[in-house]
2 protein chains.
Amino acid sequence: MNIGEIARRAGVSRSTVSYALSGKRPVSAATVQRINDVIAELGYRPNASARALAEGRTRTLGLVVPPASRRLTDVQLGFVGSVVDAAAAHDLDVLLSPSGGDHDRSFERIVTGRRVDGVILMEILLEDPRVERLSQASLPFVTIGHVEHPGASWWVDVDYGALITRCVHHLADLGHEEVVLINRSAELVAAGYGPALRSATGFLEATAARGLTARTVCCADDAAAGLACFEQLRTQWPAVTAAVTINEAALPGVQRALHRAGLEVPRDFSLTGVIAERLAEDFHPPLTAADVPAVELGRLAVDLLLAQIADRGAEPRHALLEPPISLRSSTGARRRP
Amino acid sequence: MNIGEIARRAGVSRSTVSYALSGKRPVSAATVQRINDVIAELGYRPNASARALAEGRTRTLGLVVPPASRRLTDVQLGFVGSVVDAAAAHDLDVLLSPSGGDHDRSFERIVTGRRVDGVILMEILLEDPRVERLSQASLPFVTIGHVEHPGASWWVDVDYGALITRCVHHLADLGHEEVVLINRSAELVAAGYGPALRSATGFLEATAARGLTARTVCCADDAAAGLACFEQLRTQWPAVTAAVTINEAALPGVQRALHRAGLEVPRDFSLTGVIAERLAEDFHPPLTAADVPAVELGRLAVDLLLAQIADRGAEPRHALLEPPISLRSSTGARRRP
DNA sequence: TTGTATGCGTTATCAG
DNA sequence: CTGATAACGCATACAA
């Protein structure tokens, strides 16, 4: 079932069928009608590989995701979903590539096999070899997150530093004097994971600026770690009255630790941070937090990538989002002892 | 950068390069060496579209997922991750297609555009038009979940009916006499979602067999619904002392409702069901439940699909998994009033 | 408005 | 062991 067969049955040449389908050349109404009838009857669709070969583009976007072994967070899941949906809205398909670190077969296939017209890279490190690789491959790409020295590259990100700073000011305004940052895991920090490092920096600067005592703790991405982590920090720094966090997966454990310690939020303890909207609302009480606009970021990444593909010489663009903090019910004035 | 360029620089013909790469014809060691040097120097990789066109296969698998608007549950996320990883282990890429219901452009592209060698379909309904569509397209496919009359099709699934039955027997053995099934949403039930319907059937049969009073309630897939749902069922059927659930997303709400009602698990109330392992362990106390082996199901689906692609005339195969119930701490003897 | 011819980059068949 | 050359199915420049 190919274009030749359709042409034969419709009594026209193959190019006429092609042009009738693409509309890139006028075709008489009667001919179009006949062709469409045959196509409808046989359920014909152009072979994607042949079209890609002839056209020089695949109508496919690559999405590089962390391997399944590292569980996806809610925010990451939001990225994937919105990228796929945004691409579908443009009639583009999405090819998934699970990529861990260095020499990844799947990643190499994507980069160098001309399987995709462009790539969206998520969960990158401050120094990420994959960004280098894509640059020299001269394949259009957009990163969700930005490397330390983005130079002339395309990216979208959330300004973790600014958001954490806002959280700290909010707590300071409420009278808190000793606060803790519950960060992502020590491994991620050591590997150079941007959100973790930029949050830490923002936290230290903001607490210094407001004269607060700052504590920082790294916490693995699961509930058990959240529980252990919180209990430890309570015994180590009993004067801490508020926490800022970017660790979504630890929240259920933090919740349990608060309950177990008999702390009521926000009366006895304030909690805020940068968290996916759904999780912030699932918390009890709902978290005052900056909601990561994962869906918007994903859509934006697709938009930028398409702009870059359409005009490969275009000036690099980026977007650094700074969503407002949603005031819910998890922060309050520090209770004087 | 194509195979002709490599051939030219290596001083051989294009076919020799092709055979050196595929190994489908003997090539002298010296020639292979020379070719590999050139390839390494230029970083050449065969064009995937051209190869697919010539070879008649794409080395790509299609994965049909629910659209992002419907949030993925933990179990579904497990499917996606394990399918992608299993495919990568076979050097296959995965093309994602978000597909809601009937005539979906993305789904049609996949099915009829020869973009993939086979398809894995997840979250299907008991009567699913997409299964029909794939059948008549004679494209190899495997479903995660099975339609009502699977006939001669390939699928993998968890035996929800059997697992729920086991949960009921477990509760009956502990002396519970009035139990409730917290099912997925009413919309899913109405649409004919297999796990929801098979769980309901298994629940009713098992409770009848053991002479228990059975209650059933549908609950939307979020924490707020879980909370509302649980409070409602407590007032409506105050004699209920245990619940069975397959609704992961409602669990945080159920947890809060239990706490708010002052019920201690398992002393005052028992809770069990079919739940992703991670969520079962995150619950407080950890849930006695049948862990959905999402990773194994995904891997199995890929294996079956590859078997089908390798031998398209093969006898259809399927796998109905019945994982054991992990005894944790959320079920106990009914407390006599 | 339509038809012919060529190229896209590989694989695979047929000759040597 | 290696080289020409014909598919694969489509898009498009060139002719009419």
Side-chain angles (χ1 to χ4, degrees), chain A residues 1-36 38-39 42-60 91 93 109-117 137 139, chain B residues 1-36 38-39 42-60 91 93 109-117 137 139:
Chain A
M1 178 63 49
N2 55 31
I3 201 173
E5 181 70 12
I6 305 295
R8 202 177 59 69
R9 301 215 190 193
V12 296
S13 75
R14 296 181 313 184
S15 62
T16 299
V17 176
S18 178
Y19 283 119
L21 250 45
S22 71
K24 294 187 179 176
R25 188 168 93 170
V27 177
S28 80
T31 310
V32 168
Q33 180 63 40
R34 220 158 1 117
I35 291 173
N36 282 339
V38 175
I39 286 179
L42 300 191
Y44 163 79
R45 290 209 134 226
N47 178 308
S49 302
R51 171 190 288 220
L53 182 57
E55 220 177 357
R57 62 172 185 153
T58 58
R59 298 168 189 272
T60 303
D91 280 338
D93 288 315
R109 276 201 304 275
I110 294 256
V111 172
T112 185
R114 303 215 176 287
R115 289 173 104 1
V116 299
D117 298 331
L139 183 66
Chain B
M1 176 63 48
N2 54 31
I3 201 172
E5 181 69 13
I6 305 295
R8 204 177 59 69
R9 301 213 189 193
V12 295
S13 74
R14 294 181 312 182
S15 56
T16 298
V17 175
S18 177
Y19 283 117
L21 250 44
S22 71
K24 293 185 180 176
R25 184 166 95 172
V27 177
S28 80
T31 310
V32 168
Q33 180 63 41
R34 221 160 359 120
I35 290 173
N36 281 339
V38 176
I39 286 179
L42 300 191
Y44 162 79
R45 289 212 133 222
N47 178 309
S49 301
R51 173 189 288 218
L53 182 57
E55 224 177 356
R57 62 172 184 154
T58 59
R59 297 166 188 272
T60 304
D91 279 336
D93 288 315
R109 276 201 303 275
I110 295 258
V111 172
T112 182
R114 303 212 176 289
R115 288 174 97 24
V116 299
D117 298 331
L139 183 65

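Computed from heavy atoms alone, side chains included, the values below leave out hydrogens, waters and symmetry copies. So that the names make sense, note that chain A is the first sequence line, chain B the second, and so on, each numbered from 1.
Contact annotation: B:Ser15 side-chain N/O to C:dT11 OP1/OP2 distance is not under 4.0 Å. Residue A:Lys24 places at least one side-chain N or O closer than 4.0 Å to OP1 or OP2 of D:dT12. For C:dT10, one of the phosphate oxygens OP1 or OP2 lies less than 4.0 angstrom from a side-chain nitrogen or oxygen of B:Tyr44. For the pair B:Asn47 and C:dG9, the criterion of a side-chain N or O lying under 4.0 Å from OP1 or OP2 is not met. For C:dT11, one of the phosphate oxygens OP1 or OP2 lies less than 4.0 angstrom from a side-chain nitrogen or oxygen of B:Ser18. Applying the 4.0 Å criterion to OP1 and OP2 of C:dT2, one finds that A:Thr16 has every side-chain N and O outside that range.
If you take CZ of A:Arg34 and C1' of C:dT1, they are 12 Å apart, rounded to a whole angstrom. D:dC8 atom C1' lies 11 Å from atom CD of B:Glu55, rounded to whole Å. Per the geometry, CD belonging to B:Gln33 stands 16 Å off P belonging to D:dC1, to the nearest Å.
In this model, no side-chain donor or acceptor of B:Ser49 finds a partner on the base of C:dT10 within 3.5 Å.
Where A:Ile3 and B:Arg25 meet DNA chain D, the nucleotide closest to each residue was compared, and B:Arg25 sits on the side nearer the 5' end. Along DNA chain C, the nucleotide nearest to A:Arg14 and the one nearest to A:Val27 differ in position, and the one closer to the 5' end is contacted by A:Val27.
At the heavy-atom level, B:Gly113 lies nowhere under 4.0 Å from the strands shown. Here B:Thr31 lies in heavy-atom contact (under 4.0 Å) with sugar-phosphate atoms only.
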